[in-house]
A.B. asks: 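To start, I am sharing the structure in question, which I have written as structure tokens.
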Protein chains: 2
Amino acid sequence: MTSRRTTPLAQPVLQSHHCTIDTRLEKLGLVTFFQTLDRQSLHGVNGLFRAHHVRQNDVIYRQHDKAAYLRILVFGAVCLLHHTESGKDILIDLLQPGEYFGTLPLLGEDHYSETAYAHTDCCILAINGTDFEQILQSHPDIAIALIGINAQRLKKARDTIRHLASSPVEKRIAATLLSLAHKFGIKKDEELLVQLPLSRKNLADITGTTTETASRVMSHFQDERIIKTGRKWVSITNLDALKQVSEH
Amino acid sequence: MTSRRTTPLAQPVLQSHHCTIDTRLEKLGLVTFFQTLDRQSLHGVNGLFRAHHVRQNDVIYRQHDKAAYLRILVFGAVCLLHHTESGKDILIDLLQPGEYFGTLPLLGEDHYSETAYAHTDCCILAINGTDFEQILQSHPDIAIALIGINAQRLKKARDTIRHLASSPVEKRIAATLLSLAHKFGIKKDEELLVQLPLSRKNLADITGTTTETASRVMSHFQDERIIKTGRKWVSITNLDALKQVSEH
DNA sequence: ACAGTAAAATGATGCAGCTCAATGTAGTGC
DNA sequence: GCACTACATTGAGCTGCATCATTTTACTGT
């Protein structure tokens, strides 16, 4: 079934054991805002979450839906995106296990401001507003940690703004590849493989360009031996050169 | 001294009474994250802030400086901006009295990620990390309110990203004028005057374009009788038409 | 009233990147 | 192995906006 594939990407398969109590606890502990909790409290918190399996490409929630759950990714990759009236999509972020997403009225947002869907098969923990409020009350530090996470996200958004306003596409794509490699990269021989399916369209939606332009830039990078790439995958072969491009 | 001016903008003068205890309390109460406090607590909180007067164009803190104070604007207007290596500036926000700015290590940021300067003469309240931590401990709601404010700011940043990635300049400038009018606009005859000095450069830095292009667009809007504008001021004469432009 | 300065307007030119269109190719189901 | 589909590539042409250069105008200090 797979002998015909030429992709170097691993295709992780979601299995039931990926959402066992132990895995859940491990991932919960990973989420920055639960890091201060001891094993005991973590167990209590765990009980308030419900686990869901979501199939690749299934929508988890939609932009403008009523905000009802805070979610934590346990397994797989989640994609957050904005739709624009013009039909162009903006990919806000690709999440890895341990990251939180979604929001609650309690946190000042009545509706989701983006759409979330399963970029690969996923296991997700969800908690409702009432239960999360309870956690916040008993562990006030968590609110502070949440502020910290959001501050980082705001910073990242402003970096994107800066790039969009002042860097040409090549630079933006180079910077994006670097940050994806940092987040999803795994060493493989002398290369750094981005362990995540990533189409030209995905890349274009992250960097605010078109699939055609993204494709041209990627071809160019490959010609320069900076990357190797194929259908939905990239591997960085010359990290320094890529950094060069992203800085000049 | 002013008889020669043709600007319709009022030029508010900062006077000592703008930072009296009463004004300070009023503005503190305005800041969303102190809204839940009663008069008594507000008085206590007020004592922990120090007031500063800042002259127009003076820098309040610089990008990359160590984060040391959380600040609240009491009088005047503050400008937040990013500098880019290429020399282009990105104007993140123009603040009005009652808004907070700056950050603290306690909130997950060790350094300021933008530069803040007095867009007009200002009165500003500042609080250090230790004192703010104390406030957070005695009033846990404040952390939640802070999360809400930052969620709004993140949303706004993502809107900007969407605009930069998918709207042409005219539309971006129209949208920016609308939001400035919403925030700083005052009714004057049949017009909506943006009560804030605003140069073509400011506008260009908000919308990610150049002064020349901003100027051309503004001239065009004026030709269309959508706005009246002059040196550092704008007044909206046809709000509906401006909305039209921002939506199409 | 005059001179000096910062801001704005306007024109001419070039090109990065979008658009439209056609072709090539990896992965999958049968 | 073949056919189908979704993804990727590549080309040609056009245009929105940046860039560079110059002139005009509003405001301030003296």
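Atom set for the values below is all heavy atoms of this structure, side chains included, hydrogens, waters and symmetry mates excluded.
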A.B. asks: For B:Lys183 and B:Glu99, run salt bridge (Lys or Arg N to Asp or Glu O under 4.0 Å): C-alpha distance rounded to whole Å, both residues' side-chain angles, the deciding distance at 0.1 Å, then the answer.
C.D. replies: CA-CA 12 Å; B:Lys183 186 164 176 178; B:Glu99 290 192 272; 2.9 Å; yes
A.B. asks: Contact class for A:Thr211 vs. all strands (heavy atom < 4.0 Å): base, sugar-phosphate, or nothing?
C.D. replies: nothing
A.B. asks: Figure out the NE2/P separation between B:His220 and D:dG16, and round it to whole Å.
C.D. replies: 13 Å
A.B. asks: Here's a test of your reading of the structure: between A:Thr213 and B:Thr7, which maps to the more 5' nucleotide of DNA chain D?
C.D. replies: A:Thr213
A.B. asks: Take the protein atom CD of A:Gln222 and the nucleotide atom P of D:dT9, then report the distance between them rounded to whole Å.
C.D. replies: 8 Å
A.B. asks: Counting C-beta onward and ignoring hydrogens, is there a side-chain heavy-atom pair between B:His248 and B:Lys171 closer than 4.5 Å?
C.D. replies: no
A.B. asks: How would you label the contact of A:Ser215 with the nucleic acid (heavy atoms, under 4.0 Å): base, sugar-phosphate, or nothing?
C.D. replies: base
A.B. asks: Can you measure B:Lys228 atom NZ to C:dA8 atom C1' for me and round it to whole angstrom units?
C.D. replies: 19 Å
A.B. asks: Can you find a heavy atom in the side chain of B:Ile173 that is under 4.5 Å from one in the side chain of B:Arg216?
C.D. replies: no
A.B. asks: Using atom CZ of B:Arg231 as one end and atom C1' of D:dA26 as the other, report the distance to the nearest whole Å.
C.D. replies: 4 Å
A.B. asks: A:Leu164 CG to C:dA16 P: how many Å, rounded?
C.D. replies: 18 Å
A.B. asks: According to a strict under-4.0 Å criterion, is A:Thr210 in side-chain N/O contact with OP1 or OP2 of C:dT19?
C.D. replies: no
A.B. asks: Provide, to the nearest angstrom, the distance between the CG atom belonging to B:Leu9 and the C1' atom belonging to D:dA26.
C.D. replies: 13 Å
A.B. asks: Calculate the interatomic distance between A:Arg216 atom CZ and C:dC15 atom P; express it in whole Å.
C.D. replies: 18 Å
A.B. asks: Within the 4.0 Å heavy-atom criterion, would you say A:Ser219 contacts the bases, only the backbone, or no part of the nucleic acid?
C.D. replies: sugar-phosphate
A.B. asks: Would you give the length of the straight line joining atom CD1 of A:Ile60 to atom CG of A:Leu80, rounded to the nearest 0.5 angstrom?
C.D. replies: 8.0 Å
A.B. asks: Measure from CG on B:Leu203 to P on C:dA9 and round the result to the nearest Å.
C.D. replies: 11 Å
A.B. asks: Going through the checks in order, is the side chain to side chain donor-acceptor pair (under 3.5 Å) test met by B:Arg162 and A:His82?
C.D. replies: CA-CA 8 Å; B:Arg162 188 163 45 192; A:His82 272 291; 3.1 Å; yes
A.B. asks: Using only side-chain N and O atoms of A:Lys232, determine if any of them is under 4.0 Å from OP1 or OP2 of D:dC7.
C.D. replies: yes
A.B. asks: At what angle, to 10 degrees, do the two end axes of the helix from C:dA1-D:dT30 to C:dC30-D:dG1 meet, given five pairs define each axis?
C.D. replies: 50°
A.B. asks: Any non-hydrogen side-chain atom of A:Tyr61 less than 4.5 Å from a side-chain atom of A:Phe101?
C.D. replies: yes
A.B. asks: Nearest heavy atom decides the nucleotide; on that basis, is A:Glu212 or A:Val169 closer to the 5' end of DNA chain C?
C.D. replies: A:Val169
A.B. asks: Looking only at side-chain atoms of B:Arg200, point me to the closest of D:dA6, D:dA18, C:dA8.
C.D. replies: C:dA8
A.B. asks: Quick one, B:Thr209 with B:Thr207, criterion side chain to side chain donor-acceptor pair (under 3.5 Å). Give me CA distance, side-chain angles, the key distance, then yes/no.
C.D. replies: CA-CA 6 Å; B:Thr209 183; B:Thr207 53; 5.5 Å; no
